[in-house]
Amino acid sequence: MSRLLLKGGRLVDPASGHDGPADVLVDDGRVAEVGPELDATGAEVVDCGGLVVCPGLVDLHVHLREPGREDAETIETGSRAAALGGYTAVCPMPNTDPVADNAGVVEMVAARGREVGLVDVFPVGAVTVGQRGSELAELGAMARSAARVDCFSDDGLPIREARLLRLALEYTRAFDAVIADHAQDASLTDGAQMHEGEVSAMLGLAGWPAAAEEMVVARDLLLAELTGGRLHLCHVSTGGAVELVRAAKGRGVRVTAEAAPHHLSLTDEAARSYDPVFKVNPPLREKADVEAVRLGLADGTIDAIATDHAPHAREDKEVEWSTAPPGMLGLETALAVTLTELVGDPAPGARDPQPPIPGPPNREGSPPGSGGAPAVHSPSGYLDLATAIERLTTGPGRCRRVPGHGGPVAPGTPANLAVFDPAATWTVDRARLASRARNTPFHGRELRGRVVHTLLRGAFTVRDGLAQR
Ligand code: DOR
């Protein structure tokens with residue numbers, strides 16, 4: 001394998017605390033050396049002047065729809081979208097058809113990920129058989145399988161029965177796995193269409209109250225405390241939930257949490273358009289919740305940004321609001337949404353905005369719209385660049401094991417890296433996404449921060465903004 005020298009970039013490596021100029025020499029798939037002005041002899045030099053070099057991004061929460069809904073996404077198209085977003089590792093949720101609730105399915109998902117070879121795929125196994133919530137799935141068998149599953153979730157659905165969650169938290173202690181819960185009290189959200197508040201009242205849409213999330217978060221935290229098991233909370237979206245996690249962490253409960261880019265940037269005001277692209281579960285909340293989730297991310301209450309990338313086929317999603325399934329794309333926009341919405345000024349030393357990197361052919365031939373979602377802007381910034389990168393790379397590794405990912409970028413480690421331009425602006429065009437689906441809530445939005453290269457074990461999966469396969 002070739003020798004590469006990533007030269008002249010700003011290396012931001014949260015795992016080692018490095019943030020400053022450094023060259024990175026890659027040899028035979030691994031980082032060989034990190035430091036100033038490295039010797040380029042025998043190496044292909046990749047000019048990273050004005051660019052940020054960091055560990056490849058890690059997404060704890062994606063839906064790749066394979067097996068079962070390959071018309072919406074496949075492990076291949078989802079992996080390509082991930083690589084283009086700067087990711088080198090993704091964790092697909094088990095709500096496939098069949099459900100990934102046994103060793104056979106999780107092994108198949110992991111094997112297909114390896115075959116595609118664009119990102120490392122770490123499957124999440126279901127907590128209950130068929131995600132039906134009545135009996136525990138064979139968690140131990142999935143953990144011992146070739147897929148080495150160490151994270152289980154019924155995501156898409158909550159674990160309704162406290163008894164089963166307790167059992168799962170107790171049982172998984174034996175192999176230090178984590179239970180990731182989708183916190184939603186189903187009895188309070190039956191038929192819910194959006195966040196319950198002024199906007200839902202105005203639109204006449206059935207509401208999904210913040211309390212329905214917070215009650216379950218409180219229950220989950222109590223059970224994590226009772227059992228000593230490891231709990232992870234998926235897509236935290238309310239201020240009350242952030243506060244509960246903050247307090248639980250303060251008293252030593254073994255809990256980690258993630259937030260999704262859309263909950264960090266959009267509000268329930270978007271529903272006024274009745275465009276089902278803004279329908280998601282948990283729903284877009286109020287401005288005060290967005291603010292609280294941002295602050296939780298900033299102070300480490302929330303460990304990670306996870307996309308909840310949820311592709312849906314057009315014929316399913318582009319229907320009237322009440323019948324559309326919830327879910328939004330995220331993989332190709334997460335880094336740029338984070339930089340645009342949460343990180344203040346462009347990084348020092350960044351280049352002036354560049355013309356957009358050419359994407360794949362525009363399959364629909366439509367120019368990006370001028371619309372886009374109403375966003376909550378943050379001119380001053382909630383996170384510095386290093387913290388933002390931490391939440392996208394190293395933070396996820398606190399939530400579950402993602403060996404070889406999230407840094408440190410140090411001699412001997414696998415060269416799983418992202419290189420991005422923190423100042424380049426581009427306009428999201430759903431027709432140019434690599435995902436098979438189109439349901440991005442950021443269509444038409446101008447974002448700052450563009451992935452230039454992604455490397456998986458030293459090989460370009462994305463080069464100059466183009467997927468290599
Ligand atoms: O909006 C969502 N979509 N939330 C979930 O929890 C599941 C996901 C999906 O699978 O589409």
Side-chain angles (χ1 to χ4, degrees), residues 59-75 77-78 81 90-101 109 123-124 126-128 130-131 133 151-160 179-186 189-195 205 208 212-213 216-217 220 232-238 241 257-266 268 270-271 275-285 306-319 321-331 334 373 435-442:
D59 197 340
L60 292 170
H61 190 148
V62 301
H63 298 272
L64 299 183
R65 305 296 189 218
E66 186 177 347
R69 285 305 304 263
E70 291 83 351
D71 57 325
E73 194 80 286
T74 64
I75 291 169
T77 57
V90 299
C91 306
M93 285 293 172
N95 62 339
T96 48
D97 184 10
V99 169
D101 64 359
V109 169
V124 178
V127 176
T128 65
Q131 294 191 297
C151 180
F152 300 93
S153 180
D154 274 357
D155 179 68
L157 298 167
I159 302 166
R160 289 191 195 213
I179 303 295
D181 197 24
H182 167 126
Q184 172 178 4
D185 184 290
T189 58
D190 194 26
Q193 295 294 328
M194 65 173 294
H195 171 68
L205 291 174
W208 195 134
E213 176 169 335
V216 177
V217 167
D220 290 4
H232 176 75
L233 292 163
C234 298
H235 40 52
V236 169
S237 71
T238 79
E258 66 182 41
H262 46 269
H263 291 130
L264 290 159
S265 59
L266 303 172
D268 60 347
D275 183 341
V277 80
F278 299 116
K279 184 173 174 181
V280 66
N281 190 24
L284 300 177
R285 303 282 187 191
T307 64
D308 196 2
H309 178 84
H312 288 291
R314 294 182 71 164
E315 60 274 26
D316 292 333
K317 188 69 169 168
E318 293 175 18
V319 294
W321 181 285
S322 60
T323 49
M328 305 175 158
L329 301 183
L331 282 166
S435 171
R436 187 162 274 183
R438 290 285 167 269
N439 53 306
T440 171
F442 300 108

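Both backbone and side-chain heavy atoms feed into the values below; hydrogens, waters and symmetry mates do not. As the structure lists them, so they are numbered: ligands from 1, and atoms in each ligand from 1.
Closest heavy-atom contact between E213 and P282: OE1-CB, 3.8 Å.
Remark: the D155 side chain and the H235 side chain contain an N/O donor-acceptor pair separated by less than 3.5 Å. Side-chain polar atoms of T74 and E70 form no donor-acceptor pair below 3.5 angstrom. A side-chain donor-acceptor contact under 3.5 Å links S237 and R285.
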Considering only N or O atoms, set out every pair between ligand 1 and the protein closer than 3.5 Å, with distances to one decimal place.
unit_1   : atom_1 : unit_2 : atom_2 : d
ligand 1 : 1 (O)  : N281   : N      : 2.9
ligand 1 : 1 (O)  : N281   : O      : 3.4
ligand 1 : 1 (O)  : P326   : O      : 3.4
ligand 1 : 1 (O)  : G327   : N      : 3.2
ligand 1 : 3 (N)  : P326   : O      : 3.1
ligand 1 : 4 (N)  : N281   : O      : 2.7
ligand 1 : 6 (O)  : H182   : ND1    : 3.2
ligand 1 : 10 (O) : H63    : ND1    : 3.4
ligand 1 : 10 (O) : R65    : NH1    : 3.0
ligand 1 : 10 (O) : R65    : NH2    : 3.4
ligand 1 : 10 (O) : N95    : ND2    : 2.9
ligand 1 : 11 (O) : R65    : NH2    : 2.7
ligand 1 : 11 (O) : H312   : NE2    : 3.1
ligand 1 : 11 (O) : P326   : O      : 3.3

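Remark: P276 engages A324 in a side chain to side chain contact (heavy atoms under 4.5 Å, CB included) (not counting sequence neighbours).
Looking at R69 and D71, a side-chain N of the basic residue comes within less than 4.0 Å of a carboxylate O on the acidic one, giving a salt bridge.
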